[in-house]
Amino acid sequence: MEPYSRHGKLVRDRIPQIIREDGAEPVTYTAGREEYRGRLRDKLGEEVAEFLEADEDSAPEELADVLEVARARRGPGGRRGSVGEDP
């Protein structure tokens, strides 16, 4: 069992469930609107940096990650400035 020690990150793709299946217990909480928007902005910067450093084989996957964060930042239904959990 590998310990999970990342703190202060947005999670997606069933990560808490995967951690539980691996025998550990994730520590999670739901961020408020403003914190969530700030964290999405930080995450967008991370994903853009990964895309810019990607080789031709991994670039499409990294670009998809950029798009996913941008959609989450835009909010449900594409409304500017709104925040949603599942765009």
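All values reported here derive from a predicted model rather than from experimental measurement.
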Nearest atoms (heavy-atom pairs only) where Val66 meets Phe51: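 That closest heavy-atom pairing would be CG2-CB, 4.3 Å.
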
Non-hydrogen atoms of Pro26 and Pro16 that approach each other most closely: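 In this case the closest contact between Pro26 and Pro16 is CG-O, 3.7 Å.
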
Got a second to check how far [X]'s [atom1] is from [Y]'s [atom2], nearest 0.5 Å?
| X | Y | atom1 | atom2 | result |
| --- | --- | --- | --- | --- |
| Asp22 | Gln17 | CG | CD | 12.0 Å |
| Thr28 | Ile19 | OG1 | CD1 | 9.0 Å |
| Leu63 | Ser58 | CG | OG | 11.0 Å |

Qualifying salt bridge (charged side-chain N to carboxylate O under 4.0 Å, His left out) pairs with a residue from residues 44-60, counting only residues at least two apart or across chains: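 The answer is Lys9-Glu46, Lys43-Glu46, Lys43-Glu47.
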
Check: Arg41 and Leu44 side chains under 4.5 Å, non-hydrogen atoms: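 No, every pair of side-chain atoms sits at 4.5 Å or beyond.
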
In one Ile/Leu/Val/Met/Phe/Trp/Tyr side-chain cluster, 4.5 Å: Leu52, Val69: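 Yes, because Leu52 and Val69 connect within a single hydrophobic cluster, where side-chain heavy atoms sit under 4.5 Å apart.
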
